[in-house]
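Structure first, then comments.
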Amino acid sequence: RHFLVEPRLRDALRRDPSFSQAQVALAQWLDSNNRSGEASRLLDDAIKRQPDVALLRHARGLAMIRRGQREAALEELTEASRLQPANAHYRYVLAVALHDAAKRQAAVKQLEALLRIQPANRMARLTLIDFLTEMGRKSEAQKLRVELSLLNPGDPALAEDSAGGPPDT
């Protein structure tokens, strides 16, 4: 059935050229089948037609990361997060990408903003604990650990952390 993926996605796009989920799925499929140039053009064209669709910006940012285009990727991921500021996934991915680009303070700000929107977001909280610990901001990291223990008593990451190392994320 693998051979049906591309024709069915292209058919969906013929019916509705603004179907962004199909555009992203087709671009990912093309990319995974060594057709990165075609995937890139597909996303570029889709963004030209729909510049304010966060999903398209996010997908292009991830594709750029895979191609090693870090700065351009950060711009796209930032734009996706700006377009949908309440989207926890976009904000989290942006934070990790910023961290990987050695923009640690900006990464921390993204995670802090995410936790203001979703205080119980465990993944964001654990990642922020790691980032703060890595930056030597241990008292802030400890405060987040205490908050996590109140939100999620018995969290296994806290048990691992009690041995003295950072929680496993």
Side-chain angles (χ1 to χ4, degrees), residues 1-131 144 148 151-152 155 157 167-169:
R1 295 187 187 261
H2 183 70
F3 65 93
L4 295 175
V5 172
E6 183 177 0
R8 290 201 173 154
L9 287 170
R10 290 197 185 276
D11 184 50
L13 289 170
R14 268 191 294 282
R15 293 181 205 183
D16 182 1
S18 67
F19 186 10
S20 56
Q21 292 89 342
Q23 292 164 332
V24 169
L26 180 56
Q28 290 172 337
W29 188 88
L30 292 168
D31 206 25
S32 71
N33 284 278
N34 300 315
R35 294 164 63 188
S36 301
E38 193 176 344
S40 182
R41 286 188 298 278
L42 176 75
L43 288 174
D44 290 346
D45 291 344
I47 289 170
K48 283 179 189 166
R49 287 190 308 276
Q50 302 173 15
D52 294 332
V53 175
L55 175 64
L56 296 172
R57 298 295 187 135
H58 183 75
R60 183 160 69 175
L62 292 177
M64 289 173 156
I65 286 174
R66 285 191 295 276
R67 286 188 221 105
Q69 301 168 328
R70 183 180 293 169
E71 288 303 315
L74 288 174
E75 290 175 22
E76 291 299 324
L77 295 172
T78 298
E79 184 63 9
S81 188
R82 185 193 69 76
L83 290 167
Q84 284 191 357
N87 186 310
H89 178 70
Y90 293 170
R91 198 172 285 272
Y92 180 82
V93 169
L94 174 59
V96 171
L98 287 164
H99 180 267
D100 289 349
K103 297 180 180 188
R104 287 174 176 76
Q105 187 56 42
V108 165
K109 285 182 180 180
Q110 287 297 320
L111 292 172
E112 289 171 341
L114 172 52
L115 288 174
R116 281 192 295 278
I117 297 166
Q118 295 183 353
N121 187 315
R122 180 179 183 271
M123 187 167 57
R125 188 170 298 275
L126 289 172
T127 302
L128 183 54
I129 289 168
D130 280 347
F131 289 0
L144 289 167
L148 180 59
L151 289 167
N152 193 17
D155 191 301
D168 185 23
T169 54

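Heavy atoms only: backbone and side chains are in, while hydrogens, waters and symmetry mates are out.
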Between atom [atom1] of [X] and atom [atom2] of [Y], what is the distance when rounded to the nearest 0.5 Å?
X      : Y      : atom1 : atom2 : value
Leu74  : Met64  : CG    : CE    : 10.5 Å
Leu98  : Leu111 : CG    : CG    : 9.0 Å
Leu148 : Leu144 : CG    : CG    : 8.5 Å
Arg10  : Arg15  : CZ    : CZ    : 15.0 Å
Leu55  : Arg60  : CG    : CZ    : 12.5 Å
Leu115 : Arg122 : CG    : CZ    : 13.0 Å

For the side chain of [X] and the backbone of [Y], is there at least one donor-acceptor N/O pair under 3.5 Å apart?
X      : Y      : value
Gln23  : Leu56  : no
Asp155 : Ala157 : yes
Arg57  : Pro51  : yes

Testing the basics here: between [X] and [Y], what is the closest heavy-atom pair and its distance to 0.1 Å?
X      : Y      : result
Ile117 : Ala86  : CD1-CA, 4.2 Å
Tyr92  : Thr127 : OH-OG1, 2.8 Å
Arg91  : Ala113 : NH1-CB, 3.5 Å
Leu62  : Leu77  : N-CD2, 4.2 Å
Gln110 : Ser81  : OE1-OG, 3.9 Å
Ala27  : Ala39  : O-CB, 3.2 Å

- Item | From CA spacing to verdict: salt bridge (charged side-chain N to carboxylate O under 4.0 Å, His left out), Glu38, Arg41 | CA-CA 5 Å; Glu38 193 176 344; Arg41 286 188 298 278; 5.2 Å; no
Hey, are [X] and [Y] close enough for a salt bridge, meaning a charged N less than 4.0 Å from a carboxylate O?
X     : Y      : answer
Glu71 : Lys103 : yes
Glu79 : Arg82  : yes
Glu76 : Arg67  : no

- Does CZ in Arg49 sit with more than 12 non-hydrogen atoms of other residues, nucleotides or ligands closer than 6.0 Å? yes
With a 4.5 Å limit on heavy-atom distance, are the side chains of [X] and [Y] in contact?
X      : Y      : answer
Arg104 : Val108 : no
His58  : Gln84  : no
Arg66  : Ser36  : no
Asp45  : Lys48  : yes

- Query: For the residue pair Phe131 and His99, does the interplanar ring angle fall in the parallel (under 30°), tilted (30 to 60°) or perpendicular (over 60°) class?
  - Reply: parallel
